[in-house]
Structure formats: structure tokens, C-alpha cells
Colleague: 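Could you have a look at this structure, given as C-alpha cells, before my questions?
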Amino acid sequence: MRLSCLLVCCCLCLLPGVQGAQGKFAYKLMNDLFANYSNALRPVEDMDKAMNVTLQITLSQIIDMDERNQILMAYLWIRQVWFDAYLRWNKEDYDGLDTIRIPSSYVWRPDIVLYNNADDQFTGSMETNVVIRYDGQIMWDSPAITKSSCKVDVSFFPFDRQQCRLTFGSWTYNGNQIDILNHLDTGDLTDFVENVEWEVLGMPAKKNVITYGCCSEPYPDVTYTLMLKRRSSFYIFNLLLPCVMISFLAPLGFYLPADSGEKVSLGVTVLLALTVFQLLVAESMPPSENVPLIGKYYIATMTMITASTALTIFIMNIHHCGPEAKPVPEWAKKYILQYMSRIFFVYEVGESCRRPRTEPDSERTSKVPGLNGQAKQEEVVDVVKNCPEKLSPKDKEAMDEPEHSKYAHGVCQESGKYFSEQGGGGKGFGYEECPNIQCLCHNERLLKNIEYIANCFRDQRAAQKRTGEWKKVAKVMDRFFMWVFFIMVFLMSVLIMGKAI
């Protein structure tokens, strides 16, 4: 025992607390205190009495929060205060020496550990000195870098708040041997170094007494709840705003002309861009059933873009309806071409909201009755009969005969003479000029060809009109879905941004 005391005295020569004028009294005090002291037993006079250990935690820094592995790494200052019944002295006997500082390994220490420790090496507190007061009070301040398990809820990421618990308690002593008390109702945050990602809202402390299934004795502990709030500015500018801006590009695909050939390509490109952003978020999030808020926003936006791409394909199919397409239904003409086109300001060339589009002269001409050959032939004969005073009597008889339909009569505007196909120009009838008759050619074969061309022209105009109506229907639907998807993107963006306020 004397040899151990000599070793202790040699070590004290290196300690700053025992230097100066009181050095010899410190040596004498060490010899007197540790002459019959053992740090292996709990230093109480009555072994049936519990020893009170006061615990105080000071949070210095949050080093890292690993959401994927759910581990919080923090730098703490741990203060433990207790009374040792065998380390007391009368300070008057030692020249007023009231405190000494010695290595913590020389005295008995409570085995208070972090229950939810997640460090694979299980490194404890740093071996620092303890401060012993003349009345037996021992104060042990030790810094520690702790890794604690923390249940991370990412449902509202990146606007989430986390609660990480730090539970301290004795590993072997039960509540009948050591009673742990919290010095304050909250952790000390006066020396906290601000974290760039997390904001500390508070650190309340609570004492718990738990009876485990293995033992019948109660085990007290002190739980510090670290309340954290994520600083979301980084995620807003790097993940959320790019997604919002990309999402607003999706409705613009409906505004692209259908003949550009880039409508579907735009939707697919936006979908791929959002997929990349979603993968970036998924890499940092823990694989849990709780989908982050930004992940839900990405999924909703991707679903909307997928629907817009499918609708674009459907609308392009309507736009490219060929001449063989069926006419536009009456309800579509009424509600889409009349009402919705005015609501969404879809007009054709020459058409406005006040003046509807006028039909071309060719369409009005094609609607005039009597364009077939027989009607026109009868009309020309009537024209010729309107000028009978210029014909000879023989020609009048020929005009009255049924066989007059064999001849194609006409008048040449330049010469003013009638001619027939059989008799040659100006030799079929004897007549003089009829100045009121227009230049009309009534060759029967020529009329049939003209009638065929007119019918083809009418069919072509009808097909063009039918195709134009379907194109206008597609354009109106493009405008309609563009505004619908714009409103959806705006509402989703407002909802996601509302969480940040």
C-alpha cells in the first residue's frame, strides 16, 4: 500500500493543481486520503443506501445526422457529480486547501453509459481529471463523441423535424444502489456550435424509472430529447425548385404545334429529368415505408407528365385524322368548336371572337344548285331561247325539234356568232349577234368532264373542311389540357411550398 501511495505522489508532481505553496499539503492530503481507499467499491457508509449521481449534458456540436443508417453523431460535455464518503477532509488541517484535481481513474466512478449507443467500438468518455472538494463532492467533466441510434421520420422531408433521444443510465447498478438525477430540466445549449443543416429547437430532460424483464429491481435513467428542425434552403434550391420549373414545362407540351414532332419528345425528356432527381433523393433517404414529401411530389409530377404524354399522343391522333375520317359529331361541334374554342381563344385565320370565319367564294359557288350537266344544258337552252328574234325561221324549227339536244349551241363572245359541232363555226344557223348572252360552252362531253372535276373539287373541299374541323378540335383540347395541367402543377407547388412556411 505504501508503494502505491508513493506512485500516486510521483504522478501528482506533474499535475498543475498541486503546485505552489500548498504543494506539500496536497501531497500530505493525497497520502491521507488514499492510504486505505479502494476505487472498486461503491463509496457509501451504508451499503443499503442509494447514492445520488447528478447528471448534466451540454451539447457542443452536431457532427452528423445519417438518415439512411439512422445514427446521430454529437459532441457532448458530460458532467457527473456525486459524493464520496471516504474522500473528505478538514481544510483547516491542510492550510485551507479545499479542492484537489486528480486523475479520474484513482477514484470510484459510476458506470453511467449511453443506452442507445450505436458506436461499433464502444468508446467511452475521455480520461480526464476529477475535482474533489473537501466535503467529499466529486465532479467529473468529460467530453465525448457519441453515436446514438435515432429513429428518423422522413415523411415531411425536406421540411421534417426529428427527435433524437439520448438515454443515460447505470449499466450494473440498479435504482436501490444509484439514483440518477438530472441537474437541469433541459440540456445546456449555451456553448452550442450552430449546424448548417439542423436547427436545435430544444433539449428537454426527463427522468425515467424502468423495470426490465430480466430483473425485478428498478433502473432509473435520464433521457434527453434533442429536438431538431432541418434547414430546408439547400434542398429547396437544389432539389425542389428545379423540379417545379421542370414540371411547368410539361403543360407547355400541349402548346407546341402538332406538326412540330416534338410534343412527345418533350414529355419523355421531362419525365427522365424528374427520374434523375428522384434517384438523388432516394439515395439519401432510409429504405422505409414512409415516402418523403418531396418523393410524393416527384411521383405526382411524374404521374401527371405520364398522363400528359398519353393525352398528347391521343390528341395528335385526332389532329392527323385523314380525309377518310368521320365527320365531327354534332355535340363536339357545339361544345368544342363553338363554346370551348371561344373560351380558350382558339381561332382560325380570318376568324375572331366577334366575327366568325367566312366561307370562301369557291364554297359558296359549290353550294349553288344546278351544277350538273343536264341542269346547265337546260339553262343554256333557256338562254338561247331568250333571244329568238335573232334566229331565222329554219333555226327556230330546229330549236323546237327534240333532236336539238344533239347539237351543242353556243355563242362566241369575240365574233358574236352561233356555231354547232356538226355544221362548223357560224354555219349551223343563220342569225345575228345576241349581245345579252354570256360566253357559255355547252359541249356535252366537256360538261361531263367539268362536272367530274367539280364533284372532285367539292369532295376535296369537304374532306379539307372535315380535316380542318378535327384539327381545330385537337387544338382546343390542347389548350384545355394545357390550362388543366398548369393549374395542377401550380396547386401541387403551392402545397409543397406551404410546408416550408
Colleague: Looking at every non-hydrogen atom in both residues, tell me the closest pair between Val130 and Pro103 and how far apart they are.
Modeller: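 Heavy atoms only, the tightest pair is CG2-O, 4.2 Å.
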
Colleague: Under 4.5 Å between any side-chain heavy atoms of Val131 and Ile138, yes or no?
Modeller: no

Colleague: Closest approach of Thr309 and Gly267, non-hydrogen atoms and distance?
Modeller: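 Closest approach of Thr309 to Gly267, heavy atoms only: OG1-CA, 3.7 Å.
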
Colleague: What pair of heavy atoms forms the shortest contact from Leu184 to Ala205, and how long is it?
Modeller: O-CB, 3.9 Å

Colleague: Would you call Asp135 and Arg133 a salt bridge, using N to O less than 4.0 angstrom?
Modeller: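 Salt bridge present between Asp135 and Arg133.
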
Colleague: Can you name the nearest heavy-atom pair linking Ala85 to Glu45, along with the distance?
Modeller: CB-CG, 3.8 Å

Colleague: State the NZ-NZ distance between Lys471 and Lys475, to the nearest 0.5 angstrom.
Modeller: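 The distance works out to 11.0 Å.
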
Colleague: Are Arg165 and Tyr224 packed together at the side-chain level, in the sense that at least one heavy-atom pair is separated by less than 4.5 angstrom?
Modeller: no

Colleague: Between Ile236 and Phe159, is there a side-chain heavy-atom distance shorter than 4.5 Å?
Modeller: yes

Colleague: Report the distance from atom CG of Leu240 to atom OG of Ser233, rounding to the nearest 0.5 Å.
Modeller: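 Output value for this atom pair is 11.5 Å.
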
Colleague: Could you tell me whether Glu194 and Arg231 have a side-chain N and a carboxylate O separated by less than 4.0 Å?
Modeller: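 Salt bridge between Glu194 and Arg231, a charged N being under 4.0 Å from a carboxylate O: yes.
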
Colleague: Can the ring centres of Phe254 and Phe485 be said to be less than 6.0 Å apart?
Modeller: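 Under 6.0 Å, so yes.
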
Colleague: Using only atom types and a distance under 3.5 Å, with no angle test, would you say the side chain of Trp82 pairs donor to acceptor with the backbone of Met139?
Modeller: no

Colleague: Look at Lys91 together with Asp98 and state whether they make a salt bridge at an N to O cut-off of under 4.0 Å.
Modeller: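 Salt bridge: no.
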
Colleague: Check whether any side-chain heavy atom of Pro43 sits under 4.5 Å from a side-chain heavy atom of Phe83, and report yes or no.
Modeller: no

Colleague: Would you confirm whether Gln177, through its side chain, and Ala50, through its main-chain N or O, come within 3.5 Å as a donor-acceptor pair?
Modeller: no

Colleague: Would you confirm whether Asn31, through its side chain, and Tyr27, through its main-chain N or O, come within 3.5 Å as a donor-acceptor pair?
Modeller: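 Flag set: sc Asn31 to bb Tyr27 pair under 3.5 Å.
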
Colleague: Checking Met51 against Asp179 for the side chain to side chain contact (heavy atoms under 4.5 Å, CB included) test, could you report, in this order, the C-alpha distance in whole Å, the side-chain angles of both residues, the deciding distance, and whether it holds?
Modeller: CA-CA 6 Å; Met51 174 184 288; Asp179 188 14; over 6 Å; no

Colleague: Rounded to the nearest 0.5 Å, how far apart are CH2 of Trp140 and CD1 of Ile132?
Modeller: 13.0 Å

Colleague: By the definition side chain to side chain contact (heavy atoms under 4.5 Å, CB included), identify the one residue from Leu76, Leu59, Thr223 that meets it with Leu166.
Modeller: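 The option that passes is Leu76.
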
Colleague: Relative to each other, are the rings of Phe34 and Tyr37 parallel, tilted or perpendicular (30° and 60° limits)?
Modeller: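 Because their plane-to-plane angle is over 60°, the rings of Phe34 and Tyr37 count as perpendicular.
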
Colleague: Give, for atom OG1 of Thr54 and atom CD of Gln137, the distance between the pair rounded to the nearest 0.5 Å.
Modeller: 8.5 Å

Colleague: Say whether Ser104 and Glu127, considering side chains only, have a donor N or O and an acceptor N or O under 3.5 Å apart.
Modeller: yes

Colleague: Under the side chain to side chain contact (heavy atoms under 4.5 Å, CB included) rule, what do Phe277 and Ile246 come out as? Steps first, then yes or no, please.
Modeller: CA-CA 11 Å; Phe277 280 103; Ile246 291 174; 3.7 Å; yes

Colleague: Under 3.5 Å, is there a donor on one side chain and an acceptor on the other for Tyr297 and Gln278?
Modeller: no

Colleague: What I'd like to find out is whether the side chain of Cys164 reaches to under 4.5 Å of the side chain of Thr225, using heavy atoms alone.
Modeller: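 Heavy-atom side-chain distance check fails, nothing below 4.5 Å.
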
Colleague: So Leu55 and Arg79, do their side chains get closer than 4.5 Å, heavy atoms only?
Modeller: no

Colleague: Using the ring-ring contact (aromatic ring centres under 6.0 Å, His included) rule, take Tyr235 and Phe157 through it: C-alpha gap first, then chi angles, then the decisive distance, then the call.
Modeller: CA-CA 9 Å; Tyr235 299 96; Phe157 175 84; 4.9 Å; yes

Colleague: Kindly determine whether Tyr219 and Asn208 satisfy side chain to side chain donor-acceptor pair (under 3.5 Å), including the steps that lead there.
Modeller: CA-CA 8 Å; Tyr219 283 85; Asn208 304 305; over 6 Å; no

Colleague: Side chain to side chain donor-acceptor pair (under 3.5 Å), that's the test. Do Thr167 and Asn116 meet it? Break it down for me.
Modeller: CA-CA 6 Å; Thr167 303; Asn116 56 335; 4.6 Å; no

Colleague: Between Trp89 and Thr99, which heavy-atom pair has the shortest distance, and what is it?
Modeller: CZ2-N, 4.0 Å

Colleague: Would you check if the side chain of Asn195 reaches a backbone N or O of Ile62 as a donor-acceptor pair within less than 3.5 Å?
Modeller: yes

Colleague: Counting N and O atoms only, with roles assigned by atom type, does the side chain of Tyr134 sit under 3.5 Å from a partner on the main chain of Glu92, one being a donor and the other an acceptor?
Modeller: no

Colleague: Given side chains that start at C-beta, do those of Ile313 and Ile315 come closer than 4.5 Å, heavy atoms only?
Modeller: no

Colleague: Please give me the minimum heavy-atom distance between Asp153 and Gln162, naming the atom from each residue.
Modeller: O-NE2, 2.7 Å

Colleague: Between Cys243 and Leu274, is any pair of side-chain heavy atoms under 4.5 Å apart?
Modeller: yes

Colleague: Working note: Asp221 + Lys207, criterion side chain to side chain contact (heavy atoms under 4.5 Å, CB included); need CA distance, chi angles, decisive distance, verdict.
Modeller: CA-CA 6 Å; Asp221 63 67; Lys207 179 183 177 181; over 6 Å; no

Colleague: Report the distance from atom CE of Met482 to atom CG of Leu311, rounding to the nearest 0.5 Å.
Modeller: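 Here the interatomic distance stands at 14.0 Å.
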
Colleague: Sequence neighbours excluded and cut-off under 3.5 Å, please list the side-chain donor-acceptor pairs for residues 185-193, or say none.
Modeller:
residue	atom	partner	partner atom	Å
Thr186	OG1	Met203	O	2.7
Asp188	OD1	Thr190	N	3.1
Asp188	OD1	Thr190	OG1	3.0
Asp188	OD2	Thr190	OG1	3.4

Colleague: With rounding to the nearest 0.5 Å, note down the distance linking SG in Cys150 to CD1 in Ile71.
Modeller: 10.5 Å

Colleague: Would you say the side-chain atoms of Asp111 pair up with the backbone N or O of Thr172, donor to acceptor, closer than 3.5 Å?
Modeller: yes

Colleague: Quick one: does any side-chain atom of Arg68 pair with a main-chain N or O of Glu283 as donor and acceptor, under 3.5 Å?
Modeller: yes

Colleague: Step by step, work out the side chain to side chain contact (heavy atoms under 4.5 Å, CB included) result for Val44 and Lys49.
Modeller: CA-CA 8 Å; Val44 291; Lys49 186 177 180 181; 5.8 Å; no

Colleague: OH of Tyr212: more than 12 outside heavy atoms within 6.0 angstrom?
Modeller: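 Yes, because the 6.0 Å sphere around OH of Tyr212 holds more than 12 heavy atoms from other groups.
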
Colleague: With Leu228 as reference, evaluate Met65, Glu199, Glu197 under the side chain to side chain contact (heavy atoms under 4.5 Å, CB included) test and give the passing residue.
Modeller: Met65

Colleague: Hey, does the side chain of Asp160 reach the backbone of Ser155 with a donor-acceptor pair shorter than 3.5 angstrom?
Modeller: no

Colleague: Which of parallel (below 30°), tilted (30 to 60°) and perpendicular (above 60°) describes Tyr75 and Trp77?
Modeller: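 Plane angle over 60°, so perpendicular.
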
